[in-house]
Protein chains: 2
Amino acid sequence: MEKQNNEIDSVAENLAHIVPILKRIFIKGLRTKTNLSPQTLYTLGALSYHSKLTMSGIGNHLSVPKPHVTALVDKLISEGLVERLSDERDRRIIYIQLTDKGKETFKEIKRMMTEAFRSDLSMFDEAKIHKMYECSLYIRDTLDEMAKSLQAGCCSGN
Amino acid sequence: MEKQNNEIDSVAENLAHIVPILKRIFIKGLRTKTNLSPQTLYTLGALSYHSKLTMSGIGNHLSVPKPHVTALVDKLISEGLVERLSDERDRRIIYIQLTDKGKETFKEIKRMMTEAFRSDLSMFDEAKIHKMYECSLYIRDTLDEMAKSLQAGCCSGN
DNA sequence: AATAATGATTACAAAATTATAACTATTATC
DNA sequence: GATAATAGTTATAATTTTGTAATCATTATT
């Protein structure tokens, strides 16, 4: 049990350590190439993964206060990248989903993102890249699983 | 080669996917518990890992414009968490390093960070946690190695 | 039907981050 | 020794993100 707690702490430390590195790799590389803010890009990503989310759902996923979600979505709508869908059974709820243009745009954004990363990672050999693939997928799946269980509101005004 | 590029793209996608989740877990949890901004926390983290960095070095590590590094360090100095050291051989250079108080404070911040994460991860069994440990460490080491090779200035005003 | 709760919006303010240009001090180069 | 380059700072503005309160429309509860 002691060992297990130590390992959890190391996981936390390792993951916290890579956040600024990842931000540097992905966000900064995109800033000059698009007029979308990081959070609108995250919003596109969340919608690409979940295909359909409520306003509150977006806020929970990205830990963004609800009032700001409205602003983010307004921006994306003005760019024609997402659309609102009303729920017939509960008319308070508004679903957001990518438009075709949004899907295309996000695909292009991912392309630009991976392009930069490709030259960075290409210094490593095939085995290492494969292991990076396995590890990143494992962490992604685990964190997704974990995130599901903490959907509840998390930040003020949410 | 094609396969390798596909794997690199998947790595990029997986890592980009987890950024908002990690931000949510670590940053948001700390916001109420400290008066330090995320970037000052990252600065502490970078100094904890590298023990000594120049102003430009901090800017490169965190992709923060140089003028803003001055502000971040000023804040940390006013809290007594870091100190400036001048380089005898080149008096333009200023090294920043943690004070004892800074080391203590960062240790405490890590404790709060891992505490929250612990309850989140505790839903998983020992084997899964161990694999998370191995994967997170592998990714951390690889990204560190990668980051070293792209020290060069990266953002405006840097 | 009145009341409470929920999902989303509006309006506003504060804090944090990013971007630029100009400047000082110091070192390197020619 | 003049010029260029580097490390860091000052000053300023714009953008992005975060926080809070009040409000509207709709649904749930009693």
Side-chain angles (χ1 to χ4, degrees), chain A residues 19-20 23-24 27-43 52-78 82-96 151-158, chain B residues 19-20 23-24 27-43 52-77 82 84-96 151-158:
Chain A
V19 172
K23 276 187 63 178
R24 170 175 166 192
I27 301 300
K28 313 289 168 160
L30 284 177
R31 272 199 101 80
T32 51
K33 295 180 184 125
T34 167
N35 63 330
L36 299 173
S37 71
Q39 283 188 342
T40 52
L41 293 177
Y42 291 145
T43 304
K52 200 168 92 173
L53 285 172
T54 65
M55 297 295 283
S56 309
I58 293 171
N60 282 331
H61 273 284
L62 308 184
S63 279
V64 161
K66 244 185 351 186
H68 187 48
V69 176
T70 301
L72 293 173
V73 168
D74 283 349
K75 166 71 177 171
L76 289 172
I77 284 178
S78 79
V82 306
E83 58 192 349
R84 291 181 214 260
L85 295 177
S86 49
D87 185 328
E88 293 309 318
R89 301 194 305 191
D90 185 342
R91 279 155 49 210
R92 290 171 301 184
I93 298 175
I94 293 176
Y95 288 105
I96 309 298
Q151 281 315 335
C154 50
C155 62
S156 61
N158 222 345
Chain B
V19 172
K23 276 188 63 177
R24 172 176 165 191
I27 301 300
K28 313 289 169 159
L30 285 176
R31 274 198 100 80
T32 53
K33 294 179 184 126
T34 169
N35 64 329
L36 299 173
S37 70
Q39 283 188 342
T40 51
L41 294 177
Y42 292 146
T43 304
K52 200 169 91 171
L53 284 173
T54 64
M55 298 295 281
S56 310
I58 294 173
N60 282 332
H61 272 285
L62 308 184
S63 280
V64 161
K66 245 183 354 184
H68 187 47
V69 176
T70 301
L72 292 173
V73 168
D74 283 349
K75 165 71 177 171
L76 288 171
I77 284 178
V82 307
R84 291 179 214 260
L85 296 176
S86 50
D87 184 328
E88 293 309 317
R89 300 195 304 193
D90 184 342
R91 280 154 50 213
R92 292 170 299 182
I93 296 175
I94 294 177
Y95 287 104
I96 309 296
Q151 281 316 335
C154 49
C155 60
S156 61
N158 223 345

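As the structure is a computational prediction, the values presented were derived from the model and not from experiment. The chains referred to below are lettered A, B, ... by the order of the sequence lines, with proteins before strands, and numbering in each begins at 1.
With sequence neighbours left out, the side chain to side chain contact (heavy atoms under 4.5 Å, CB included) criterion links B:Thr40 to B:Leu36, B:Ser37, B:Leu72, B:Lys75, B:Leu76. In terms of the salt bridge (charged side-chain N to carboxylate O under 4.0 Å, His left out) criterion, B:Arg91 has no residue partners (sequence neighbours excluded). Evaluation of the side chain to side chain contact (heavy atoms under 4.5 Å, CB included) rule for A:Thr54 yields A:Ser56, A:Ile93, A:Tyr95 as partners, not counting sequence neighbours.
For the pair A:Arg89 and C:dG7, the criterion of a side-chain N or O lying under 4.0 Å from OP1 or OP2 is not met. The side chain of A:Thr70 contributes no N or O atom lying less than 4.0 Å from OP1 or OP2 of C:dT10.
Note that the CG atom of B:Asp90 and the CD atom of B:Glu88 stand 11.0 Å from one another [nearest 0.5 Å]. Here CZ of B:Arg24 is found 6.0 Å from CG of A:Asn60. Values are rounded to the nearest 0.5 Å. For the atom pair A:Leu41 CG and A:Ile27 CD1, the distance stands at 6.5 Å (nearest 0.5 Å).
Protein atom CZ of A:Arg91 is 12 Å distant from nucleotide atom P of D:dA25, rounded to whole Å. Atom CE in A:Met55 sits about 8 Å away from atom C1' in C:dT9, given to the nearest Å. Following rounding to the nearest Å, B:Asp87 (CG) and D:dT6 (P) show an atom-to-atom distance of 17 Å. Atom pair B:Leu62:CG and C:dA19:P shows a separation of 14 Å (rounding to whole Å applied). Atom CG of A:Asp90 and atom P of C:dA5 are 17 Å apart (whole Å). Whole-Å rounding puts the B:Glu88 CD to C:dT26 C1' distance at 14 Å. The CG-P distance, from B:Asp74 to D:dT9, rounds to 7 Å in whole Å. Here D:dT16 presents its P atom at 8 Å from NZ of A:Lys75, a figure rounded to the nearest Å.
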Per-nucleotide protein contact string for nucleotides 11-16 of chain C (B base, S sugar-phosphate only, - none; heavy atom under 4.0 Å):
B----S

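From one end of the helix from C:dA1-D:dT30 to C:dC30-D:dG1 to the other, with five pairs defining each end axis, the axis direction shifts by 20° (rounded to 10°).
Proximity of B:Arg84 to B:Ile96: side-chain heavy atoms (C-beta onward) are separated by under 4.5 Å at one or more points. For the pair B:Ile58 and B:Tyr42, the minimum side-chain heavy-atom distance is 4.5 Å or more. At least one side-chain heavy atom of A:Pro38 sits under 4.5 Å from a side-chain heavy atom of A:Arg31.
When each of A:Arg84 and A:Lys23 is assigned the nucleotide of DNA chain C bearing its nearest heavy atom, the one mapping closer to the 5' terminus is A:Arg84.
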Any N/O pairs under 3.5 Å between the protein and nucleotides 1-5 of chain D? List them or say none.
none

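Taking all atoms of both residues into account, the shortest heavy-atom contact from A:Val69 to A:Met55 is CG1-O, 3.6 Å.
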